[in-house]
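Let me begin by presenting the structure, written as C-alpha cells, before commenting on it.
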Amino acid sequence: MKRALPGVLAGAVTLALPAFLDDSALAVYIFLGLAAMVTVGVSLLMGYAGQVSLGQGAFYAVGAYTAGLLTVQGGPPLAGLLAAPVAAAAFALVVGVPLLRLRGHHLAFATLATQLILLSLAGQLEFTGGDIGLQGIPQFSAGSFEVGGAAGYAYLTWAGLALVMLVTRNVIASRAGRGLRALATSETAAASSGVPVGRYKLAVFSLSAAFAGLAGGIYAFYVGYVAPGSFPVLLSVEYIVMAVVGGLGTVWGAVAGAAVITLLVQVLNVVGTLPGMPSYAPGVLSYAVYALVLIVVVLFLPRGLVPSVAGRLPARRGRSRPRAARPDPDLRT
Amino acid sequence: MLRIDGVSRSFGGVYAVRDVSLGVAEGEAHGVIGPNGAGKSTLFNLITGHLAAERGTISFDGVRVDRMPPHRRAALGVSIVFQGARVFHGMTVRENVMVGAHSRTRAGFAAAALRLPRHRREEREIAERADRELARVGLTEWAGHPAGSLPFGRQRAMQLARALCAGPRLLLLDEPASGLRAGEREALAVLVEELRATGLTIMLIEHDVAFVARLVDRVTVLDLGRIIAQGTPERIRSEPAVVSAYLGEST
Ligand SMILES: Nc1ncnc2c1ncn2[C@@H]1O[C@H](COP(=O)(O)OP(=O)(O)O)[C@@H](O)[C@H]1O
Ligand SMILES: [Mg+2]
C-alpha cells in the first residue's frame, strides 16, 4: 500500500489540476503529458534495453499523420487514435530490421536520419499535404462523446500517459523485461540464456514507437493540424534530454524529466519575451537551457533526478527494484 | 549426445580451432585442456553458436545445430558459464538467475503488459526455480542484492545458478575455477560432482589438470587449435605429446 502512495497522490493531482488551469496553462499541461509519454518509451528503450534512438520524433510524427490522414476525410476519430500507435509501431518494425543491427552512436545517427527522411517525404508527398501539412483535423470523439475543450485533451493525454506507464512497469518486471535488461549488458550472455536478442530489440523499439505514436495521435486531435515543421529534430533530442535528466531506466524519472524540461522552457520563454529582451532571446535561452541542464545533471546527478532523490530517502534504500542497466562492452563476439 | 565433426574456425587467417572432431556421450563429463590460446573457448563458442564454424558440422541429440542462432541452441538445452564474470547489471542476483529460465518459459510482451494470470503463474514458478538454484550454489542470502555488488567468486556461482536455471542437458563450464579461492574451488568441485551424479552431461575447460582429472571421465587436449590427445585422465597424464605441449610448460 505504501508503495502505491506516490502513484495515488500523483493520480489525484493529475485529475484535479485541469480544473484550476486556464487554456494556456492547460496547453503546457497537455504538451508536458505528451512529452512524458514519449519519454517513458525512450527510458524503456535506452535505460532498460540499452538501445539509442534519436528518432522518436519520427514515430510521434507517424502517429500524428496517421490520426490526421484517417480523420480529415471524415473517418472516425477513435479509429484514428487507435491506429496512431499501431502505425508507429509498424513503421518502427520495418525500419528497425536494418537499423537495429547498428549499435551506439551508429544507431543514434541512423534513427536521426530516419526522421529527416520521413520529414522530407511528408513535405514532398501530395497525400500528406506537403509542407503545408494536414489542416482541419476534427476534434476527438468516441461514439457520442466528444472532447471539446482543452481540459478534455488534458484528461485524454494523462490517461494515455497512465496507460503507457502501466504497460512499461509491467513489461520491465516480467520475463520479457528481464530479457531486455539482460541484453542491454551482454547480448552474448542474454542469447545463451535463450533470449532472442534481435527479436527483443525489435519488439522494444516498436513498443517505444507505439508510445510516441499514441502521443502524436493525441497531439493531432488537440492541435488540429500537422505539418513537417511540427516535428523538428530538436524534438527527438528533447526526449533524450528529458529521459536523462529524469533518470534513464525509471518510469517516474521520465515523467519528472519531461515536467522539469517543459516547465523550464516555459519559464525561459516568459523571461525571453520580457520587454527589453532582444528578439533572439527566447530561441537562445531554450537551446542554452538544454545544454546547461544536461551538463549540470550529468556532472552532479549522473543517475538523473529521480534515482538521485530516491536514493537519499532511507526507506527506499536497499529495496531492490528494476533499475537501468549499465552496459559494458562485450569482450568477445 | 554432442557430435562435433571436422570443425574449423579461424580469425584473420589464423586457425583458432582446426579440424576438431569429438563426441560427448549422454551423462559424460568431458574435460577440455590446453595452453592459453589453444582454442578451448572458441570451441565452446562454436558449440553455443556465438561463433559460426567455417567448416564441419555440430549436432546435438542428432539434430544439426551448426546453423542455429545461440538462443535456439539454448532452447535445446545447451547452457554455458562463460570465462570471467558475465553479470547482467541493474538486476538483482535472483533476476539474473531468472533470466536463465528464459528458454523454458513462454510469456511474452503482451502477456506481461496485460498481467495475464498465466504470466503471473509462470513468474512465480521462475522465481521458485531461481531460488532453488541459488540455494544449490549457496547464494540464498544474496538473492535480493544488486548482482554487480557481488564479489567475483560469487558472481561466478551466480552464473552457474543461471545456467542451471535453464534446466540444461549439456552444461559447458569455461574455466569455472579460475580466480576462485581454495574454499570456493572445493565447493565448485563438490557441486560439479553432484551434477554429474544426476546424469547431466558436462564439458569442462580447466587449467588445473588435477582439478579436471578428478571431475571428468574423458579429456580432450587442444594445442594450437588441434586435438593432440584424447582419453581418460590417467592416460592423458602420461601422454608424451601432452607433457611437452602443456604440462611441462605450466609447471
Ligand atoms: N573473437 C575473436 N577475434 C579474434 N581472435 C580471437 C577471437 N576469439 C579468440 N581468438 C583467438 O583465437 C585463439 C584461441 O583463443 P581461445 O579460444 O580464447 O583460447 P583459450 O580459451 O584456449 O585460451 C587465440 O589466438 C585468440 O587470440
Ligand atoms: Mg579461454
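These numbers come from the heavy atoms of this one structure, side chains and all, not from hydrogens, waters or symmetry mates. Below, chain A is the first sequence line, B the second, and so on; all start at residue 1.
Contacts of B/T105 with chain A are made by both backbone and side-chain atoms, with heavy-atom separations under 4.5 Å. Heavy atoms of B/E122 lying under 4.5 Å from chain A belong exclusively to its side chain. Of the atoms belonging to B/R106, it is backbone heavy atoms, and not side-chain ones, that fall under 4.5 Å from chain A.
The minimum heavy-atom distance between A/A182 and B/M91, with the atom names listed, is N-SD, 4.1 Å. The two residues A/R175 and B/A107 make their nearest non-hydrogen contact at NH1-O, 2.7 Å. Contact record, A/N170 with B/A113: ND2-O, 3.0 Å, taken as the closest heavy-atom pair. The nearest pair of heavy atoms linking A/S186 to B/F88 is O-CE2, 3.9 Å. Contact between A/G194 and B/S103 at its shortest, heavy atoms only, is CA-CB, 4.0 Å.
Comparing B/P168, B/A110, B/A112 by heavy-atom pairs within less than 4.5 Å of chain A, the highest count is held by B/A112. Here A/A191 is the residue among A/G179, A/A191, A/G198 with the most heavy-atom pairs under 4.5 Å with chain B.
Within 6.0 Å of CG on B/L224 lie no more than 12 heavy atoms contributed by other residues, nucleotides or ligands.
Rounded to the nearest 0.5 Å, atoms CD1 (B/I47) and OG (A/S192) are 13.0 Å apart. Atom CD1 in B/I126 sits 9.0 Å away from atom OG in A/S174 (nearest 0.5 Å).
Side-chain contact between A/L180 and B/F109: present, with at least one pair of heavy atoms (C-beta onward) separated by less than 4.5 Å. Contact annotation: the side chain of A/R181 approaches that of B/E95 to within less than 4.5 Å [non-hydrogen atoms, C-beta and beyond]. Side-chain contact between B/F82 and A/T188: present, with at least one pair of heavy atoms (C-beta onward) separated by less than 4.5 Å. Using a 4.5 Å cut-off on side-chain heavy atoms (C-beta onward), B/E123 and A/R178 make contact.
Checked options B/N96, B/V97, B/V99; the residue passing with A/S193 is B/V99 (criterion: side chain to side chain contact (heavy atoms under 4.5 Å, CB included)).
Side chain to side chain, A/Y200 and B/H71 fail the donor-acceptor criterion of an N or O pair below 3.5 Å.
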Review point. For A/R169 and B/R115, what are the C-alpha separation, side-chain angles and deciding distance, and is it a side-chain contact (heavy atoms from CB on, under 4.5 Å)?
Key: CA-CA 11 Å; A/R169 200 203 60 173; B/R115 286 266 148 133; 4.1 Å; yes
